[in-house]
Amino acid sequence: MTYRGRFAPSPTGPLHQGSLVAAVGSYIRAKSQDGIWLVRIEDIDPPREEAGATNSILEALNAHALVSDEPVVFQHQRHDAYRDVLRKLEEDNQLYWCDCTRKSIRATLDDPYGPIVYPGICRDKNLSAEQGRALRIKTGDLLTCFDDQYIGRFEQNLSQETGDFVLLRADGLFSYQLAVVVDDAFQEITEVVRGQDLVDNTPRQLYLQSLLGYPTPAYIHLPLVFNDDGQKLSKQNLAPALDNSKATENICNALKILGYPAEIRNPTQSAAETLQAAIAFERQSPLLIREND
Ligand code: GLU
């Protein structure tokens with residue numbers, strides 16, 4: 001089976017050093033397996049998106065010699081597929097409408113400041129579809145467990161740690177969990193390589209894959225990049241955009257974070273040559289797979 005990997009940025013801001021680690025890691029891993037590497041723009045949340053971010057991300061990827069092997073998929077063009085899947089899950093009696101707000105849910109929790117675990121308030125209310133209502137999926141009291149190839153075993157009990165989660169938001173937008181699962185299957189992704197901030201989303205995605213009869217890809221959750229104040233580099237923390245004129249340097253920084261040795265981080269080479277050196281190294285001594293050591 002051909003390896004198929006992907007990098008799936010949300011256009012909420014320009015590419016930064018943190019997202020570059022996921023892009024570079026997923027690219028090296030795919031190419032070290034003689035695989036296909038794809039780019040998918042996860043533009044399902046217009047209120048959080050920044051004008052021009054999609055173009056600036058695609059330009060930055062190009063400047064860093066990270067080029068999708070197939071046409072870029074845009075999630076804003078995939079709404080029909082998401083709707084079909086919701087219909088199927090609804091027919092299977094897996095979904096219900098919910099009129100709770102964040103505030104009303106918090107008010108029912110023992111620790112109103114802790115993580116929101118939805119306690120199933122609307123599960124048996126049989127509410128009808130109405131504007132302003134969300135569509136949730138029922139979860140069970142079962143331990144979901146998977147072996148991440150970078151960080152090892154990860155476990156989560158969905159009903160205790162997330163509760164029934166949202167697939168269609170109250171504002172009518174599709175949720176990340178739904179879109180990512182439908183599109184990883186659509187693009188026949190065999191392995192997901194992304195940042196560790198997403199690891200606790202994976203059990204929800206495995207659960208959806210199992211209900212939908214989709215194959216489950218392998219997972220690699222890579223280290224995150226922190227700024228000098230110890231905060232994760234992210235768009236929310238206003239991580240600076242990558243300077244495309246320093247592409248090789250940026251890639252070398254990403255390689256350092258991923259643990260590649262100094263001798264392959266040669267700033268005088270082109271971005272493409274630097275990536276090739278890392279791919280050759282990864283073939284000999286894999287750094288992106290840790291658990292099979
Ligand atoms: N779109 C998500 C993000 O930018 C990543 C999704 C994924 O890799 O599963 O954080």
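Counting convention: from 1, in listed order, for ligands and their atoms alike. Keep in mind it's a predicted model, so treat the numbers as computed, not measured.
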Next item on the list: In sequence, state the C-alpha distance, the side-chain angles, and the governing distance for Arg78 and Asp84, and then conclude on salt bridge (Lys or Arg N to Asp or Glu O under 4.0 Å).
Entry: CA-CA 10 Å; Arg78 301 267 308 135; Asp84 285 349; over 6 Å; no
Next item on the list: Determine, stepwise, if the pair Arg123 / Tyr96 fulfils side chain to side chain contact (heavy atoms under 4.5 Å, CB included).
Entry: CA-CA 6 Å; Arg123 202 190 244 231; Tyr96 62 89; 3.5 Å; yes
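Separation of atoms CD (Glu155) and CZ (Phe146) is listed at 10.5 Å; rounding is to 0.5 Å.
Inspection of the Gln187 and Arg6 side chains reveals no N or O donor paired with an N or O acceptor under 3.5 Å.
Pocket lining of ligand 1, defined as residues with a non-hydrogen atom under 4.0 Å away: Arg6, Ala8, Pro9, Ser10, Glu42, Tyr176, Val180, Arg194, Leu198.
Placement of Leu287 and Leu222 within a single hydrophobic cluster is found when ILVMFWY residues are connected by side-chain heavy-atom separations under 4.5 Å, directly or transitively.
The pair Asp34-Arg283 meets the salt-bridge criterion, with a side-chain N (NZ, NE, NH1 or NH2) lying under 4.0 Å from an Asp/Glu carboxylate O.
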